Amino acid sequence: MEENKVCSFEITVHKLLFLELQKLSAITGKSTNLLLNEAILLLCEQYEEKEKKKSNQKPLASR
């Protein structure tokens, strides 16, 4: 029963995200694939920056 709720939630979230992606595509004139690729690249860049900050904040003894 719990698994069905989770699956239903994931499907709902997926549908909502896709609808928002379609709206953004209509506004920007960019394809949904291009928008997804741009979003993935931004997430990767943010992750890399976060990891760099983490490594720079370690105590000197652990570097």
Side-chain angles (χ1 to χ4, degrees):
M1 180 78 169
E2 189 67 28
E3 188 175 314
N4 288 342
K5 287 182 183 177
V6 171
C7 186
S8 176
F9 175 75
E10 289 176 355
I11 291 170
T12 301
V13 169
H14 181 267
K15 286 180 181 177
L16 290 172
L17 287 172
F18 187 69
L19 287 173
E20 291 302 315
L21 186 60
Q22 286 180 319
K23 288 180 193 174
L24 189 58
S25 176
I27 292 169
T28 62
K30 296 179 180 179
S31 71
T32 54
N33 284 342
L34 179 60
L35 291 170
L36 283 172
N37 288 338
E38 289 176 348
I40 291 168
L41 286 173
L42 284 172
L43 287 171
C44 289
E45 289 172 5
Q46 289 175 357
Y47 177 80
E48 288 174 358
E49 285 180 23
K50 184 178 177 184
E51 289 300 307
K52 283 180 188 177
K53 287 180 183 178
K54 270 188 194 177
S55 65
N56 288 338
Q57 292 176 353
K58 288 183 181 176
L60 289 175
S62 67
R63 288 188 193 172

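Keep in mind that what you see is a predicted model, and the values were worked out from it rather than measured.
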Using a 3.5 Å cut-off and no angle test, enumerate the donor-acceptor pairs between side-chain atoms of residues 19-32 and protein atoms at least two apart in sequence or in another chain.
| from | atom 1 | to | atom 2 | distance (Å) |
| --- | --- | --- | --- | --- |
| Glu20 | OE2 | Lys23 | NZ | 3.1 |
| Ser25 | OG | Lys30 | O | 2.5 |
| Thr28 | OG1 | Leu24 | O | 2.9 |
| Thr28 | OG1 | Lys30 | N | 3.2 |
| Lys30 | NZ | Glu38 | OE1 | 3.3 |
| Lys30 | NZ | Glu38 | OE2 | 3.2 |
| Ser31 | OG | Leu34 | N | 3.0 |

* To do: To the nearest 0.5 angstrom, please state how far the CD atom of Glu48 sits from the CD atom of Glu51.
  => 9.5 Å
* Asked: Does the side chain of Gln46 reach to within under 4.5 Å of the side chain of Leu43, using non-hydrogen atoms?
  -> yes
* Asked: What's the spacing between Leu17 CG and Thr12 OG1 if we round to 0.5 Å?
  -> 11.0 Å
